[in-house]
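Structure first, then comments.
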Number of protein chains: 2
Amino acid sequence: MPLSSYRDFDAALAYAAGAVERTMDRLIPKAESGEARVFEAMRYSSLGGGKRLRAFFVLASATLFKVGALPAMRTASAIEFIHAYSLIHDDLPAMDDDDLRRGKPSCHKQFDEATAILAGDALQALAFEVLAHGDTHGDPGVRTLLVAELAKAAGAQGMVGGQMLDLLAETQGPDMSIGAITRLQRLKTGALISFSCTAGAILGKAAEPLRLALSAYAHDLGLAFQIVDDLLDVEGTAEELGKTPGKDIAAGKATFVSILGLERARAQARLLADQAAAHLEPFGPSAHLLKQAAEFVVSRRA
Amino acid sequence: MPLSSYRDFDAALAYAAGAVERTMDRLIPKAESGEARVFEAMRYSSLGGGKRLRAFFVLASATLFKVGALPAMRTASAIEFIHAYSLIHDDLPAMDDDDLRRGKPSCHKQFDEATAILAGDALQALAFEVLAHGDTHGDPGVRTLLVAELAKAAGAQGMVGGQMLDLLAETQGPDMSIGAITRLQRLKTGALISFSCTAGAILGKAAEPLRLALSAYAHDLGLAFQIVDDLLDVEGTAEELGKTPGKDIAAGKATFVSILGLERARAQARLLADQAAAHLEPFGPSAHLLKQAAEFVVSRRA
């Protein structure tokens, strides 16, 4: 049954994750020859796990505008390929140096550093190939707009810029202002979440006010998401998270929690999630999945 | 004066390199804030040098189909951003571990490894943003096709796949077959060169036989280019090359020269360049720049 028919959020999320995973599996080329190793690493790090929240945002926003299943699913796969690439490169020894990801050895531990660099590079290229490729989905004007928006969200004015700030923040220590850390996170995680939530509007050629409503939703939700990430880094266990907790404290890095404290950070996340949900007003009851997603983001344990 | 008016190849190459450099400079965003470091690294590694041969192939092939200057220049910039990103990542310690590039410290020596990884990632995203962005150039159908073709050429089925093979070849030692090394190089350097030479045909919506003629030209020229690279690695100096020579021999890697010997490698490069030029027949005298480019590729000293 289509995503829009689901009432229960957990079932909808599980359905979306399964469907996007199957699509991604089909979209990663099979190789028999020597370079098969890079395809294996791409599969290892992009398939078999994750909540697929970004894919869910694409698919759920697409239901608001009666977007076809195929273009929505390709766009959802593209954003998950970008997300997977960013995690591979983030985990590298020169970056966050993390050995554990989604409960498994991170890509460079399972393969090696060179393969991990290449697998990340190839996943980024694959994301744009999947978005642009013309055989299977619709209007080329929509597709170029998606490519341009995703490239901007993923690049130095978006995610990569945020990662750069994040690395510099480590040397800066815990004395960051709340404004500076908010900007960092808006770039690092917010830009891709914004793309995900507005992709449905681009695909559906939605009227400007509706696209802006989704953009405002994404803006608040992305920040709530990051604050909860910081909370989980303090409160979660490696088993729950599938990655090493306590890394930010160990690195002496400023986080929303280190600046606001646990109580105020929790309250702030709740406030932002409620604010996010309020932006969905123009869509009425049809936005019930995105509304529940806001609740999920603040109540999740991983 | 437009590129097509140049008779002298060296002047044409210098003109194209200057023009694409100015365009690239404009296309890399300026940043004042913390993440400025990643923009600096992007500029450091993508501006100020290089023959810009790939850009030249785009611009020269575009003259055959009366493509507008702006879309040709943006496409030329995109391919050079991809090329620059690939060199940054290639030079990383986990990859080729090279301290010198274009006569300067390589990106991770000048900045640091993390910044180099991020600068490469951001340059790849920028390439696709530049190709896809709709404000300035034409038909979105053409733009999606360019994005899809470049993404394929740059990804695991193209350049990145070739880099994976190249890394594996190091452990394999000098006993590679000529077939295996040809396939490796067709992926590693050939795929991007093919994109460059056929981009003009895509931009100009050329008839299929003309696009295929350029593709055949690129096929032979790409291989000639790589054989000459292997020759220069043996015969060139660090001063001429702006990078460390003799690395392949030191690593015990198979190259066209180690398999064929100097004499036969030289003869093979010459044969391929002549063959490449012959594919330009259907264009008559208007392809004089591409014809001279084939000559340049085998006679260059760096």
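Naming: A, B, ... by sequence-line order, numbering from 1 per chain. Predicted, not measured: the structure shown is a model, and the values here were computed from it.
- Using a 4.5 Å cut-off on side-chain heavy atoms (C-beta onward), B:Glu113 and A:Pro93 make no contact.
- In this structure, B:Asp121 CG and A:Met159 CE are separated by 7.0 Å, a value rounded to the nearest 0.5 Å.
- For chain A, no part of B:Leu123 is nearby; none of its heavy atoms comes within less than 4.5 Å.
- Of all the heavy atoms in B:Ala125 and A:Ala151, the pair that sits closest is O-CB, 3.4 Å.
- For A:Val160 against B:Ala122, the heavy-atom pair with the smallest separation is CG1-CB, 3.9 Å.
- For a residue to count as touching a neighbouring chain, one of its non-hydrogen atoms must lie under 4.5 Å from one of that chain's; by this rule A:Met42 touches chain B with the side chain only.
- The contact between B:Phe39 and chain A is made entirely by side chain atoms (from C-beta outward), counting heavy-atom distances below 4.5 Å.
- More than 12 heavy-atom neighbours from other residues, nucleotides or ligands sit within 6.0 angstrom of NZ on B:Lys104.
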Start with the C-alpha distance between B:Met95 and A:Leu118, add both sets of side-chain angles, then the distance that settles side chain to side chain contact (heavy atoms under 4.5 Å, CB included), and finish with yes or no. CA-CA 9 Å; B:Met95 305 273 288; A:Leu118 291 175; 3.6 Å; yes
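- For B:Leu92, the part lying near chain A is the side chain, with the backbone staying farther off; criterion is any non-hydrogen pair under 4.5 Å.
- Ion pairing between a basic and an acidic side chain is recognised when a charged N comes within 4.0 Å of a carboxylate O; B:Lys188 and A:Glu35 show no such pairing.
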Test side chain to side chain contact (heavy atoms under 4.5 Å, CB included) on B:Val147 and A:Thr144 and set out the steps. CA-CA 8 Å; B:Val147 170; A:Thr144 50; 5.9 Å; no
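- Heavy atoms closer than 4.5 Å to chain A are found nowhere in B:Ser86, neither backbone nor side chain.
- With a 4.5 Å cut-off on non-hydrogen atoms, A:Leu187 touches chain B through its side chain but not through its backbone.
- The line from NZ of A:Lys152 to CD of B:Glu129 is 6.5 Å long, rounded to the nearest 0.5 Å.
- Taken to the nearest 0.5 Å, the NE2 atom of A:His133 stands 8.5 Å off from the CG atom of B:Leu145.
- From B:Met164, atom CE reaches atom CD1 of A:Ile117 across 10.5 Å, with rounding to the nearest 0.5 Å.
- The most heavy-atom pairs under 4.5 Å with chain B, out of A:Glu149, A:Arg37, A:His108, come from A:Arg37.
- Within the model, atoms CD of A:Gln163 and OG1 of B:Thr115 stand 11.5 Å from one another, a figure rounded to the nearest 0.5 Å.
- Using cut-offs of 30° and 60° on the angle between ring planes, the pair B:His89 and A:His89 is perpendicular.
- In terms of non-hydrogen atom pairs under 4.5 Å with chain B, the most contact-rich of A:Ala154, A:Ala180, A:Ala36, A:Gly34 is A:Gly34.
- Inter-residue side-chain proximity for A:Phe128 and B:Leu131 is flagged as unmet; no heavy-atom pair is nearer than 4.5 Å.
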